[in-house]
Chemist: 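This is the structure, below, for whatever I ask next.
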There are 2 protein chains.
Amino acid sequence: MAKFYKEYDKHLVALDCIIFGFDEGELKLLLLKRKFEPAKGEWSLMGGFLKSDESLDEGARRVLHQLTGLSDIYMEQLHVFGELNRDPGERTISIAFYALIKVDENDRKLAETHGAHWVSVNQIPQLIFDHNQMVDKALRTLRSRTERKPIGFELLPEKFTLPQLQSLYEAINQEQLDKRNFRKRILETGLLEKLDEKEKGASKKGAYYYMFNKEKYLMYAEMGFHFQMKVKKSPLIKITT
Amino acid sequence: MAKFYKEYDKHLVALDCIIFGFDEGELKLLLLKRKFEPAKGEWSLMGGFLKSDESLDEGARRVLHQLTGLSDIYMEQLHVFGELNRDPGERTISIAFYALIKVDENDRKLAETHGAHWVSVNQIPQLIFDHNQMVDKALRTLRSRTERKPIGFELLPEKFTLPQLQSLYEAINQEQLDKRNFRKRILETGLLEKLDEKEKGASKKGAYYYMFNKEKYLMYAEMGFHFQMKVKKSPLIKITT
DNA sequence: ACAAAAGTGTTGTGCGTACACCCATGC
DNA sequence: GCATGGGTGTACGCACAACACTTTTGT
């Protein structure tokens with residue numbers, strides 16, 4: 001290929017992945033102890049450097065696969081971070097991606113063998129560089145996503161119950177929702193298909209399993225959507241002195 | 001600075017700017033005939049390459065200033081485009097920014113002396129590489145921005161009339177709005193301050209000037225906002241065969 | 001029989017939309 | 001005096017929030 005741009009600076013381009021998973025009723029993040037200098041041993045996002053022969057998406061997927069063994073997951077570009085000294089090692093531009101995955105037993109093992117850990121988003125430790133800022137931005141993006149796109153397909157197993165779906169929404173948005181309103185709203189979208197089978201782990205009565213209607217899900221994911229639920233107002237508690 | 005990452009590939013990083021302006025009741029885009037190979041002479045966005053000693057924002061501002069003489073304008077990161085062959089000259093990653101500016105006489109001249117042209121968003125020509133895709137994404141982002149953030153401060157002169165503001169919203173969203181509803185909604189946000197002065201160019205009666213309340217504007221720009229207006233339904237026209 | 005979670009409907013209200021006429025002025 | 005754009009109020013409907021009791025079943 002002819003080189004037209006010889007005279008311009010070239011840069012290291014990092015790809016950092018913010019991986020969300022939903023497990024045990026909590027929204028979690030996949031973190032890693034960094035294995036190389038600088039900042040070796042500190043908590044970090046999954047990251048790697050872009051290669052010349054791969055597109056951004058390909059690169060992000062490769063990085064994720066190398067570090068966790070995971071593949072075929074939903075990822076989206078979040079933001080580019082490019083402050084001059086964000087990485088003390090060398091001037092590096094980082095393209096942050098966020099990903100949503102269903103955490104199953106298999107993934108849990110895979111992640112562990114790679115030295116990765118699932119951490120609740122309520123207990124994020126200090127991360128290297130500007131990674132905390134990235135996580136913060138990803139969380140806010142994920143939240144505003146719930147209002148415009150259906151969510152869950154990427155974070156829940158194929159079959160799930162309405163209480164599980166509700167608790168996913170609650171975990172993402174850090175708020176309590178009214179059961180009746182939630183069920184009514186989510187059902188009338190037509191996104192869900194009720195199965196004839198109950199989940200019996202969480203209660204004696206058992207909750208019906210549902211699945212997403214894949215076509216509708218994809219349609220809404222493309223066209224957008226409107227799902228807004230306000231906080232369930234908790235009764236005011238007066239603190240008596 | 002110590003080099004920790006010697007072994008990794010480095011990349012050209014372009015900064016491309018999608019500049020929106022509002023002029024003569026239309027939403028316009030600032031375009032340029034490219035002055036160097038490859039694709040010399042074709043229509044292009046404002047673009048340049050990132051230098052090692054500048055942050056992304058600084059770089060984008062520098063590029064814009066070099067090409068148009070404009071400075072001090074509102075810019076926001078849009079997306080990174082990184083397909084392998086997006087630039088036939090060489091593998092280049094492009095970070096796209098979008099900017100909103102008030103077009104005044106001064107800017108119009110500045111732009112012209114730099115060979116830039118204001119083009120209505122309804123008449124965007126074929127652009128080089130993936131620049132049309134960038135414009136498309138920027139437009140959609142700008143539209144969804146109007147629903148969550150106040151807009152106008154960056155695109156209108158300091159004093160403006162309500163009909164002007166409305167026509168800005170209409171130009172961005174390509175839809176007609178109901179005058180009464182628009183005025184009611186926008187006024188009750190408290191963002192606007194009515195002046196005692198009328199604009200007399202557009203009509204005999206004249207329309208009152210307004211200004212943004214800067215503090216409220218910044219507050220809403222930060223915290224978000226909710227401004228959604230549906231299309232004014234135009235009466236159905238039956239086409240008789 | 002009781003504890004624990006699942007499931008189920010109705011009502012009120014605030015927001016958003018639709019809609020038509022008068023006003024001020026320049027020509 | 002008329003044409004042109006600016007300015008104003010109300011009524012209706014719907015979507016959303018609030019809210020409490022019954023059902024199932026494992027122990």
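Letters A, B, ... mirror the listed sequences (proteins, then strands); counts begin at 1.
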Chemist: Within this structure, what is the NE2-to-P distance between A:H226 and D:dC16, rounded to whole angstrom?
Modeler: 6 Å

Chemist: For the pair B:D136 and B:R140, find out whether any cationic side-chain nitrogen is under 4.0 Å from an anionic carboxylate oxygen.
Modeler: yes

Chemist: B:F153 and B:Y74: aromatic ring centres closer than 6.0 Å?
Modeler: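 So the answer is no for these two rings.
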
Chemist: Rounded to whole Å, please give me the gap between OH in A:Y209 and C1' in C:dA6.
Modeler: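 Whole-Å distance recorded here is 14 Å.
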
Chemist: Atom CZ of B:F182 to atom P of C:dG16: distance rounded to whole Å?
Modeler: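 Whole-Å distance recorded here is 14 Å.
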
Chemist: Just say parallel, tilted or perpendicular for the rings of A:F129 and A:H131, cut-offs at 30° and 60°.
Modeler: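 Ring orientation, 0 to 90° scale: perpendicular.
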
Chemist: What string of B, S and - do you get for nucleotides 4-10 of chain D, 5' to 3', if B is base contact, S is sugar-phosphate-only contact and - is no contact with any protein heavy atom under 4.0 Å?
Modeler: BBBBBBB

Chemist: Quick one: pull up OH in A:Y169 and CZ in A:R185 and give me the separation to the nearest 0.5 Å.
Modeler: 10.0 Å

Chemist: Nearest whole Å is fine: how far is D:dA17 P from A:E188 CD?
Modeler: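 That distance rounds to 12 Å.
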
Chemist: Could you check whether A:Y217 and A:E154, counting side-chain N and O atoms only, form a donor-acceptor pair closer than 3.5 Å?
Modeler: yes

Chemist: Do the side-chain N and O atoms of B:T161 and B:E199 include a donor-acceptor pair separated by under 3.5 angstrom?
Modeler: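 Note: B:T161 and B:E199 side chains miss the donor-acceptor criterion.
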
Chemist: Could you check how far CZ of B:R185 sits from C1' of C:dG14, rounded to whole Å?
Modeler: 12 Å

